[in-house]
2 protein chains.
Amino acid sequence: MAPADTPLAGKQRIMDVAAGLFIERGVDGASLRQIADLVGMKAGSLYYHFGSKNELLSAVFERGIEVMMTAFSEANAASSTLPGRDRVAAHVRAHLAALFENGPYTAAHVTAFRTAPAEVRHTIVPVRDGYEAMWADLLRELSHSGAIAESTPLGLHRLLLFGSMNASVEWFDPGRGNLDDLAIAITNQFWDGLAQEAPA
Amino acid sequence: MAPADTPLAGKQRIMDVAAGLFIERGVDGASLRQIADLVGMKAGSLYYHFGSKNELLSAVFERGIEVMMTAFSEANAASSTLPGRDRVAAHVRAHLAALFENGPYTAAHVTAFRTAPAEVRHTIVPVRDGYEAMWADLLRELSHSGAIAESTPLGLHRLLLFGSMNASVEWFDPGRGNLDDLAIAITNQFWDGLAQEAPA
DNA sequence: GTCTATACCACGATAGAC
DNA sequence: GTCTATCGTGGTATAGAC
């Protein structure tokens, strides 16, 4: 626990502000001067905490993935005995929590990763692969249990699901909408689709 | 038709190169010097064709939306008498064509719009709203015809579908994968979901 | 741990020759 | 229609005082 007079100290506070700005303005649009300004210090002072802008960027991305993985693991533990549909719902909700409720890190990773310098991307890829593997395992289990057809291309549909979930950072406002409802809608879409069962 | 000795002349060629670079490096990461370099001219010369970087950016975005709308209209004309599922498939395929087969404009719009200057975004929003309205109309028809349940929140599921389709620019390689297959997978996901009908 | 000061460079943009 | 040359600004990063 941090001391009471430093609610968000040092690296933590810088990363928090930086992540928010990476989301809003992109990697190159977010300047160190602006980040420092929002933190309440001068640009040069950032270099006491991070060796370069790329180092700060990498730290934000890694934290973002860490947040997703933690959320996934907790959902996994809580839902392992539930039916397939509820397991998916739990993990969708956890992913949304990482995007909207656990700081700006995951959202920064999802929106800014693509345009980051190749050097940064290459250090992050192995970490992000770890998260994808968690989902791959989950879907494989659902397939083996018969909840999903054996013939379904799981990797492809995992990417489609990620697309639906991650794109929500562009339009969902957690102050106006309800994340539980969104998780249910995404799960409905993923599990059952939109087609009417039997035309009345 | 352009004269034979100017395969991609003036504005057209600049926009083509710029769009590609906006995708790769983002709005602020793509510099006018680099764009000019790839076109084969000097940075100052760009200003004969566009009044500012923002003007070039806006032109790319508008073209990207135009491409999507044209693709949608063609798919609409070709599929209007088909069953609901096939109509969706036709429009999904058209959207993917806009993203991957009709130049880099639509992909640039989809990836770079969010971090563009507010001034640019505001001029583009009304145009993009036109495209969303086309999809809203389509889904409303499907709902009225009974193919989709009346209770389905169409706006929400449209956004989820857009998320799945647009995110493919981050992972789909048209040189390796097949766009028809991708369109079918996305349609399957959207229409039927992944759940097994009856456990065997 | 943060400051001031500054180096060096790339950015968008403009002016005028050709 | 493209060039060269250049202006002013703001970028990342460093050095050394405090």
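Letters A, B, ... are given to chains in the order of the sequence lines, protein chains preceding strands, and every chain is numbered from 1. Computed from a predicted model, the values in this text were never measured in an experiment.
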Neighbours of DNA chain D within residues 47-61 of chain A, by heavy-atom distance under 4.0 Å: A/Tyr47, A/Ser52, A/Lys53
Interface residues of residues 112-124 of chain A with DNA chain C (non-hydrogen, below 4.0 angstrom): none
Step-by-step ring pair (Phe, Tyr, Trp, His ring centres under 6.0 Å) determination, A/His95 to A/Tyr131: CA-CA 11 Å; A/His95 189 92; A/Tyr131 183 63; 5.7 Å; yes
Proximity of B/His157 and B/Phe162 rings by center, below 6.0 Å: no
Set of residues satisfying side-chain hydrogen bond (donor to acceptor under 3.5 Å, both in side chains) with respect to B/Trp191, sequence neighbours excluded: none
Residue met sooner reading DNA chain D from 5', once B/Lys42 and A/Val27 are mapped to nucleotides: B/Lys42
Residue pairs fulfilling salt bridge (Lys or Arg N to Asp or Glu O under 4.0 Å) with at least one residue in residues 36-47 of chain B, sequence neighbours excluded: none
Pairs involving residues 151-166 of chain B, ordered by first then second residue, that meet salt bridge (Lys or Arg N to Asp or Glu O under 4.0 Å) (sequence neighbours left out): B/Glu132-B/Arg158
DNA chain D contacts made by residues 28-36 of chain A, counting heavy atoms under 4.0 Å: A/Ala30, A/Ser31, A/Leu32, A/Arg33
Residue pairs fulfilling salt bridge (Lys or Arg N to Asp or Glu O under 4.0 Å) with at least one residue in residues 8-19 of chain B, sequence neighbours excluded: none
Touch class at under 4.0 angstrom, heavy-atom based, for B/Gly44 against every strand present: base
A/Ile35 side, atom CD1; A/Leu21 side, atom CG - distance, nearest 0.5 Å: 5.5 Å
Side chains of A/Tyr105 and A/Met68 in contact at under 4.5 Å (non-hydrogen atoms): no
Residues that A/Asp137 engages under salt bridge (charged side-chain N to carboxylate O under 4.0 Å, His left out), provided they are two or more places apart: A/Arg140
Side chain to side chain donor-acceptor pair (under 3.5 Å) between B/Arg128 and B/His109, intermediate numbers included: CA-CA 10 Å; B/Arg128 120 194 306 230; B/His109 166 247; 3.2 Å; yes
Of all pairs that satisfy ring-ring contact (aromatic ring centres under 6.0 Å, His included), the ones with a partner from residues 62-88 of chain A, not counting sequence neighbours: A/Phe72-A/His91, A/Phe72-A/Trp135
Spatial distance of atom CG (A/Leu194) from atom CZ (B/Phe190) [nearest 0.5 Å]: 4.5 Å
B/Ser79 side-chain N/O to B/Ala75 backbone N/O, donor-acceptor pair under 3.5 Å: yes
Contact list for residues 76-98 of chain A, test salt bridge (Lys or Arg N to Asp or Glu O under 4.0 Å), sequence neighbours left out: A/Arg85-A/Asp192, A/Arg87-A/Glu141, A/Arg93-A/Glu101, A/Arg93-A/Asp180
Whether A/Glu55 side chain and A/Gly51 backbone form a donor-acceptor pair below 3.5 Å: yes
Helical bend (five base pairs per end, nearest 10°) for the helix from C/dG1-D/dC18 to C/dC18-D/dG1: 10°
Chain B footprint on DNA chain C, 5' to 3' - any atom under 4.0 Å from a heavy atom: C/dC11 to C/dT14
